[in-house]
Amino acid sequence: MVISHQGRAIQNWPGLWEKGRIGYPVGSEALLSSRFSNGETCVSIETSVRGADVFILQTASEPVNDMLMELLIAISACKIASARRITAVIPCYPYSRQDKKDRSRAPITAKLVANMLECAGCNHVILLAEKTMIEYIRHTYTTENLVIVSPDAGGAKRAASIADKLRVDLAIIHKERKVVNQVSRMILVGNVVDKVAILVDDIADTCGTLALASSILREQGAKQSIAIVAHGFLSGPSVAVIEKSDLDALIVANTLPLPVQARACAKIQQFDVSATIAEAIRRTHNGES
């Protein structure tokens, strides 16, 4: 059984609810969430889950702390209600940027979230994989004159993996800092002349790095510069930054709902991950790889 907040999953992943997509009961109205006057979250499961293989859909949309708490309470409620197995389907994992200790006394909050999910009673977690982005690029663009670009050194491994699987060239943009937290210049490593340059990243937040990278690509002779990103937070002035940038398009997966101002921007597009989520749920339930 697949359950989610009433209406939210239908809005975010419409393809998931198509008849026969998963092949098992889908309860879009099975989870109801409300707030007490002091802000506490109250979750109720509106259908029987006894002995069921339950998949709970939730993502790290705003307000992320409320969404996380709602997910934890829903998992606990299903466990108490004797669900046989509980899987959290999280297209955008909350606190994923805090996945390592990058300075003294820094928390590893992504691990804390994983521990909380396990403590609540979660047996498995399904996340959005890199494969979804690769399939989108393969079906949308021709690989001739295509180059995959990492906008910074931190994403080089991801970009290299995507480039290898698509069998196309790779380029990396290196940020040079003479002053802490201030990029003095960006250096392109690789050839993008007369090519369609696709910037790949996991998160688009304020979009400053993507805008700077697109300028470098244009200066170095790229025919087009397109950013394809897994999660579009698009906070602060990000939409204005994208509109003024040299990017031809910013394409984000629909792991998060687009902010209102982003929907009005002609450069910002979404690709649907419903089919990938549905197939992951089906295979997990059937014990397939």
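Remark: the backbone N or O of Leu258 is paired with a side-chain donor or acceptor of Arg263 at under 3.5 angstrom. Proximity of a side-chain donor or acceptor of Lys79 to a complementary backbone N or O of Cys122 within less than 3.5 Å is not detected. Side chain of Thr132 to backbone of Leu128: no donor-acceptor contact under 3.5 angstrom is found. In this structure, the side chain of Thr284 engages the main chain of Ala280 through a donor-acceptor pair within 3.5 Å. Looking only at distances, a side-chain donor or acceptor of Asp152 sits under 3.5 Å from a matching main-chain atom of Gly155. Between the side chain of Arg84 and the main chain of Val49, no donor-acceptor pair closer than 3.5 Å is present. Proximity of a side-chain donor or acceptor of Ser238 to a complementary backbone N or O of Ser235 within less than 3.5 Å is detected. Proximity of a side-chain donor or acceptor of Thr59 to a complementary backbone N or O of Cys92 within less than 3.5 Å is detected. When atom types are taken as modelled, the side chain of Ser150 and the backbone of Ala156 share a donor-acceptor pair closer than 3.5 angstrom. The backbone N or O of Val273 sits less than 3.5 Å from a side-chain atom of Asn254, completing a donor-acceptor pair.
Across Ala88 and Ile75, no two heavy atoms sit closer than the pair CB-CD1, 4.3 Å. Nearest approach of Thr142 to Leu146, heavy atoms of both residues: O-CB, 3.8 Å. The shortest non-hydrogen separation linking Phe36 to Cys42 is CE1-CB, 3.7 Å. In this structure, Gln270 and Leu256 approach most closely via the heavy-atom pair NE2-O, 3.2 Å. Contact detail for Ser61 and Pro257: the closest heavy-atom pair is CB-CD, 3.8 Å. When every heavy atom of Ala249 is checked against every heavy atom of Gln269, the shortest pair comes out as CB-NE2, 3.8 Å.
Using modelled atom types and a 3.5 Å distance limit, the side chains of Glu70 and Ser33 yield a donor-acceptor pair. Neither side chain, Ser245 nor Glu243, offers a donor N or O lying under 3.5 Å from an acceptor on the other.
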- Could you please spell out the steps behind the side-chain contact (heavy atoms from CB on, under 4.5 Å) verdict for Gln98 and Ile108? CA-CA 6 Å; Gln98 301 179 49; Ile108 307 176; over 6 Å; no

- Task: Check the pair Ile216 / Gln220 against side-chain contact (heavy atoms from CB on, under 4.5 Å), numbers first and verdict last.
- Result: CA-CA 6 Å; Ile216 296 295; Gln220 296 298 318; 4.2 Å; yes

- In sequence, state the C-alpha distance, the side-chain angles, and the governing distance for Ser225 and Arg218, and then conclude on side-chain contact (heavy atoms from CB on, under 4.5 Å). CA-CA 7 Å; Ser225 59; Arg218 191 70 72 186; 4.0 Å; yes

- Give the intermediate values and the outcome of side-chain contact (heavy atoms from CB on, under 4.5 Å) for residues Leu247 and Leu199. CA-CA 10 Å; Leu247 278 173; Leu199 290 151; 3.9 Å; yes

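More than 12 heavy-atom neighbours from other residues, nucleotides or ligands sit within 6.0 angstrom of CE on Met116. Within a 6.0 Å radius of CD in Glu130, other residues, nucleotides and ligands contribute more than 12 heavy atoms. Atom CZ of Arg35 has more than 12 heavy atoms from other residues, nucleotides or ligands within 6.0 Å. The neighbour count for Glu288 CD, taken as heavy atoms of other residues, nucleotides or ligands under 6.0 Å away, is above 12. Shown here is Gln261, whose CD atom has more than 12 heavy atoms of other residues, nucleotides or ligands within 6.0 Å.
Here the side chains of Asn65 and Pro63 are not in contact, with every heavy-atom distance at 4.5 Å or above. The side-chain heavy atoms of Ile172 and Val149, taken from C-beta on, include no pair separated by under 4.5 Å. Counting heavy atoms from C-beta on, the side chains of Val113 and Leu68 come closer than 4.5 Å. Taking 4.5 Å as the limit, some side-chain heavy atom of Leu250 sits within range of a side-chain heavy atom of Val229. In this structure, Ile90 and Leu117 have side chains that are in contact, with non-hydrogen atoms separated by less than 4.5 Å. Contact annotation: the side chain of Thr140 never approaches that of Phe271 to less than 4.5 Å [non-hydrogen atoms, C-beta and beyond]. Looking at Val147 and Ile198, their side chains never come closer than 4.5 Å, going by heavy atoms from C-beta outward. When side chains are defined from C-beta on, Val196 does not count as touching Asn145, because their heavy atoms never get closer than 4.5 Å.
With values rounded to the nearest 0.5 angstrom, Ile203 atom CD1 is found 8.0 Å from Asp201 atom CG. Distance check, rounded to the nearest 0.5 Å: CG of Leu166 to CG of Asp169 gives 11.5 Å. In this structure, CZ on Arg97 lies 8.5 Å from CG on Asp202, to the nearest 0.5 angstrom. The structure places CD1 of Ile56 at 11.5 Å from CD1 of Ile73, a figure rounded to the nearest 0.5 Å. From Ile148, atom CD1 reaches atom CZ of Arg167 across 14.5 Å, with rounding to the nearest 0.5 Å. Rounding to the nearest 0.5 angstrom, the gap separating the CG atom in Asn286 from the CD1 atom in Ile281 is 12.0 Å.
Note on Lys223 versus Asp194: no salt bridge recorded, every NZ/NE/NH1/NH2 to OD/OE distance being 4.0 Å or above. A salt bridge does not link Lys131 to Glu135: none of the charged nitrogens lies less than 4.0 Å from a carboxylate oxygen.
Criterion: ILVMFWY side-chain heavy atoms under 4.5 Å apart, direct or through other members. Under it, Val200 and Leu170 are not part of a common hydrophobic cluster. Cluster annotation: Val241 is not connected to Leu212 through the hydrophobic network of ILVMFWY side chains, with a link wherever side-chain heavy atoms come within less than 4.5 Å. A continuous path of hydrophobic side-chain contacts links Ile126 to Ile277 [ILVMFWY only; heavy atoms under 4.5 Å]. Using a 4.5 Å cut-off between side-chain heavy atoms of Ile, Leu, Val, Met, Phe, Trp and Tyr, with links allowed through other members, Leu188 and Val193 fall into different hydrophobic clusters. Met69 and Ile45 end up in the same hydrophobic cluster when Ile, Leu, Val, Met, Phe, Trp and Tyr side chains are linked at under 4.5 Å.
Using a 30° and 60° split on the angle between ring planes, Tyr141 and Tyr136 fall in the perpendicular class, above 60°.
Both tests do not hold together for Arg282 against Phe55: distance to the six-membered ring centre under 6.0 Å, angle to the ring axis within 45°.
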